[in-house]
Structure formats: structure tokens, C-alpha cells
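Worksheet: the structure to be examined is printed underneath.
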Amino acid sequence: MAGPGGRSVAAAIGRVGVWSFAAQRHGAAEERTFVEEIERLGYGALWIPESIGSKDAFAHAAILLSGGSRISVCTGIANVWARDPMSMANGGRALAEAFPGRFVLGIGVSHAPSVAARGAVYVRPLERMREYLTAMETARYDGPQPEPAPPVLVAALGPRMLEIAAELADGAHTYFVPVEHTLVARERLGSDPALAVEMTAVLDTDAARAREVARGFAARYLELPNYANNLRRLGWSDEDLDVPGSDALIDAVIAWGDAPAIGARVQAHLEAGADHVAVQFVSDHPDDLCLAAFRELAATVRESER
């Protein structure tokens with residue numbers, strides 16, 4: 001399912017976007033208002049998850065796309081164990097035709113506990129992704145062909161999944177990573193495939209308070225082998241990774257401070273090779289859309305670009 005290519009993806013979604021778990025906890029009308037606001041603030045894309053119990057990725061994307069006129073909506077990620085390759089490909093094609101140039105299909109193998117909760121078995125994830133992308137490419141579609149085709153990004157952390165993303169998709173989407181991983185990912189992908197990096201942030205200048213919020217977010221990821229092993233490959237120790245995580249690890253993966261400090265971390269990812277950084281502000285309230293934080297960051301980004 002060839003998309004427009006990595007450079008075109010990067011141009012379509014801009015350099016800075018929004019990543020939100022909280023949006024799915026709100027009704028459709030509230031979500032559309034949220035989309036209108038972040039589009040007005042100048043963000044290029046809104047990223048949404050597909051986790052256990054969340055809204056279906058394609059239905060959710062359609063709701064959000066209808067709330068804006070320019071902003072792209074990206075799945076981060078649509079789970080390959082939740083639907084067959086034809087369903088995945090054709091869901092993306094339908095949205096791309098309805099909202100030209102505004103939908104990015106991020107797909108991934110997820111994690112063993114999440115896959116088990118769906119009644120599937122998490123086996124051979126690399127082979128699964130390679131076979132799945134090949135099947136998507138040849139999937140029959142009787143609807144009108146979108147122009148452009150929806151870009152496909154692969155959730156990738158390790159070197160072999162990054163290679164698959166470069167070979168068979170338009171690029172990669174990384175999550176819960178320090179800047180040092182962005183350097184590694186860009187080297188593994190090569191120069192052309194798109195690299196879209198999620199970056200979690202806490203808008204708070206009090207170190208203890210910010211780290212407490214950050215640790216509340218990080219705990220579940222430190223217990224998932226895919227994320228923990230990725231950090232080990234970068235040289236982080238088991239002592240760093242033990243929940244709730246060392247100060248050094250938390251500070252490396254999750255940005256905190258005022259808006260300029262968070263903007264500086266965004267810039268660090270961009271300079272390390274990211275084409276796009278999707279900022280996920282978190283607080284101690286899981287349904288908090290963090291609009292005030294996104295407003296502050298948008299002003300900082302605009303100022304830095306002058």
C-alpha cells in the first residue's frame with residue numbers, strides 16, 4: 001500500500017503536532033472543539049492511540065477529521081491484531097479519499113498483554129508486520145482511490161522494525177523515547193523515510209511535582225518489554241528501569257519545565273533527525289486535554305521560528 005513517500009508525509013503533518021490519550025475520554029462534540037483549537041494554534045497533526053477499551057481508530061479519526069479543515073489526524077497506532085490487512089488498508093483509503101492529504105495511517109504490532117486481551121497470540125512480530133504490510137499493498141479496494149494515497153508509518157523502536165518501516169512503509173513512528181533514540185532511528189531509517197517522534201511532556205517547573213506526574217505516566221511503559229528493552233539497547237541499566245524509574249531516565253524520556261524548556265526538547269529531537277515531533281502533555285488528571293499547555297507551547301514555537 002504505497003503512500004506518497006517520507007518527505008511528503010513530513011511536509012503534510014508539519015514539524016510539531018499533538019499526541020492525545022485524553023481526547024478519547026471526551027464526547028464527539030468536545031473532541032471537535034479540541035481539534036478546532038489545536039488547528040487554530042498552528043499544530044500540524046493530531047495523533048490518537050488504539051489501546052484496549054479505546055475508541056476504534058478509524059471511527060475516532062473520522063470524528064476528529066470532521067472537526068478541522070487543515071490539520072492531519074494520525075493513528076498512533078492502529079493495531080494489526082485488531083483487523084486483517086484488507087480492513088486496515090481500506091479503512092485508511094476511505095478516510096484518505098474523504099479528507100485528502102489529512103490522514104496518516106500509523107500501524108503497529110502493539111504488546112503481548114494488549115494482544116492477549118484481544119484474544120490473539122503475540123508471536124513473530126517482525127514477520128507479522130512484514131507479511132501484513134505486503135498484504136495491505138495488494139488488498140482489493142472497490143471504493144474510489146484516494147489521491148494522495150494514505151501514508152503508512154510503522155510503530156518501530158528496535159533496529160529490525162525500523163528497517164521494515166524504511167523498506168515497506170513511508171517511515172516510522174516512535175514512542176516513549178529519549179533524544180538519543182531519535183539519532184539511532186534516523187541512522188537506521190536512512191535519509192528519506194519519515195520519522196515522527198512522540199514526546200511526552202509535563203508543563204511544570206517544580207522538579208519533584210513534575211517527576212511525580214511523569215512517573216505516573218511512565219510506570220506502565222517501563223513494565224512493557226518492548227519499551228524497556230529499547231531503553232536497555234541505549235545503555236540504560238535495570239536500576240534505571242526499575243519502576244518508578246531513576247530521575248535521569250525520567251528526565252531523558254519525559255520533558256518537563258516551562259514552555260521554552262519543552263520547546264527546546266522538541267528542537268533537540270528535530271536536530272537529532274525527527275521530521276515531526278508529536279507532543280503529549282500529561283497531568284495528574286487522565287481526561288485533561290492540557291489545552292493551556294498546548295497554547296503556551298504554540299506561542300513558544302512561533303516565537304522560536306521568527
Side-chain angles (χ1 to χ4, degrees), residues 13-26 30-31 33-49 51 64 68 71 73-74 76 173-182 196-222 227 243-272 274 276-306:
I13 63 178
R15 287 165 62 82
V16 184
V18 169
W19 212 107
S20 181
F21 259 106
Q24 67 177 335
R25 298 186 175 97
H26 295 260
E30 292 173 279
E31 286 197 283
T33 299
F34 177 57
V35 171
E36 290 174 0
E37 174 68 1
I38 61 172
E39 181 177 271
R40 185 189 67 77
L41 290 170
Y43 291 103
L46 171 60
W47 292 78
I48 55 171
S51 54
L64 297 168
I71 196 168
V73 172
C74 316
H173 176 44
T174 60
Y175 189 97
F176 197 69
V177 294
V179 173
E180 60 192 305
H181 183 268
T182 299
V197 178
E198 179 272 347
M199 190 194 88
T200 309
V202 181
L203 188 65
D204 196 328
T205 57
D206 183 278
R209 197 166 53 220
R211 286 177 179 142
E212 181 179 4
V213 172
R215 285 189 164 101
F217 175 85
R220 58 181 164 175
Y221 299 108
L222 294 176
Y227 292 114
V243 176
S246 68
D247 283 355
L249 178 67
I250 293 299
D251 293 352
V253 176
I254 299 177
W256 59 267
D258 59 13
I262 291 167
R265 182 72 65 87
V266 170
Q267 186 61 33
H269 277 288
L270 292 170
E271 291 176 359
H276 175 87
V277 179
V279 179
Q280 180 175 194
F281 277 112
V282 295
S283 73
D284 51 6
H285 300 289
D287 59 348
D288 185 1
L289 292 169
C290 297
L291 263 174
F294 284 118
R295 291 185 186 111
E296 287 196 41
L297 180 62
T300 297
V301 170
R302 285 195 298 270
E303 183 65 27
S304 69
E305 291 178 345
R306 288 180 182 174

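Values reported hereafter were calculated over all heavy atoms of this structure, with side chains retained and with hydrogens, waters and symmetry mates removed. Since we're looking at a predicted model, the values are computed, not measured.
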Checklist entry - With side chains defined as the heavy atoms from C-beta onward, is the minimum distance between Met199 and Ile262 less than 4.5 Å? => result yes
Checklist entry - At their closest point, which heavy atom of Ala272 faces which heavy atom of Val179, and how far apart are they? => result CB-CG1, 3.8 Å
Next on the checklist: Keeping Arg15 on the side-chain end and Leu270 on the backbone end, is there a donor-acceptor pair under 3.5 Å?
Outcome noted: no
Checklist entry - So how far is it from Phe34 CZ to Cys290 SG, rounded to the nearest 0.5 Å? => result 8.5 Å
Checklist entry - Roughly how far apart are Asp258 CG and Glu296 CD, rounded to 0.5 Å? => result 8.5 Å
Next on the checklist: Using 30° and 60° as the class boundaries, would you call the ring planes of His276 and Trp47 parallel, tilted or perpendicular?
Outcome noted: tilted
Checklist entry - What's the spacing between Trp256 CH2 and Leu203 CG if we round to 0.5 Å? => result 12.0 Å
Checklist entry - Are the side chains of Val18 and Ile71 in touch, meaning some heavy atoms are under 4.5 Å apart? => result no
Item to check | Atom pair OH/OH of Tyr227 and Tyr221 - distance to nearest 0.5 Å | outcome: 6.0 Å
Next on the checklist: Can you tell me how far apart CD (Glu31) and CD (Glu36) are? Round to the nearest 0.5 Å.
Outcome noted: 12.5 Å
Next on the checklist: If you count heavy atoms of other groups shown closer than 6.0 angstrom to CD of Gln267, is the number above 12?
Outcome noted: yes
Item to check | Asp288, Leu64, Leu46 screened by side chain to side chain contact (heavy atoms under 4.5 Å, CB included) with Ser20, the one that passes | outcome: Leu46
Item to check | From Thr200 atom OG1 to Trp19 atom CH2, the distance as rounded to the nearest 0.5 Å | outcome: 8.5 Å
Next on the checklist: For Pro178 versus Val253, what's the shortest heavy-atom pair and its separation?
Outcome noted: CD-CG2, 4.2 Å
Next on the checklist: Using side-chain heavy atoms (C-beta onward) and a distance below 4.5 Å, is Cys74 in contact with His173?
Outcome noted: no
Checklist entry - Do you know which two heavy atoms are closest between Arg211 and Ile250, and how far apart they sit? => result CG-CG2, 4.4 Å
Checklist entry - Would a distance-only check, ignoring hydrogens and angles, find a side-chain to backbone donor-acceptor pair under 3.5 Å from Tyr175 to Gly76? => result no
Next on the checklist: Under 4.0 Å between a side-chain nitrogen and a carboxylate oxygen: does that hold for Arg40 and Glu37?
Outcome noted: yes
Item to check | Heavy-atom closest pair, residues Ala210 and Asp204 | outcome: CB-O, 3.8 Å
Item to check | Pair Asp247 + Arg215, salt bridge at N-O below 4.0 Å | outcome: yes
Item to check | Full working for side-chain contact (heavy atoms from CB on, under 4.5 Å) between Val301 and Val266 | outcome: CA-CA 9 Å; Val301 170; Val266 170; 5.7 Å; no
Next on the checklist: Please find the pair of heavy atoms, one from Asp251 and one from Arg265, that lie closest to each other, and give the distance.
Outcome noted: O-NH2, 2.7 Å
Checklist entry - Which is it for Val277 and Thr182 under the side-chain contact (heavy atoms from CB on, under 4.5 Å) test, yes or no, and what are the steps along the way? => result CA-CA 10 Å; Val277 179; Thr182 299; over 6 Å; no
Checklist entry - Donor-acceptor pair, Tyr43 side chain versus Gly14 backbone, under 3.5 Å? => result no
Item to check | Aromatic Phe217 / basic Arg220 pairing, under 6.0 angstrom, 45° off normal | outcome: yes
Item to check | Over all atoms of both residues, closest heavy-atom pair of Gln24 and Pro49 | outcome: NE2-CG, 4.0 Å
Checklist entry - Is any side-chain heavy atom of Leu297 less than 4.5 Å from a side-chain heavy atom of Val279? => result yes
Next on the checklist: Using a 3.5 Å distance criterion without hydrogens, assess whether the side chain of Arg295 forms a donor-acceptor pair with backbone atoms of Leu41.
Outcome noted: no
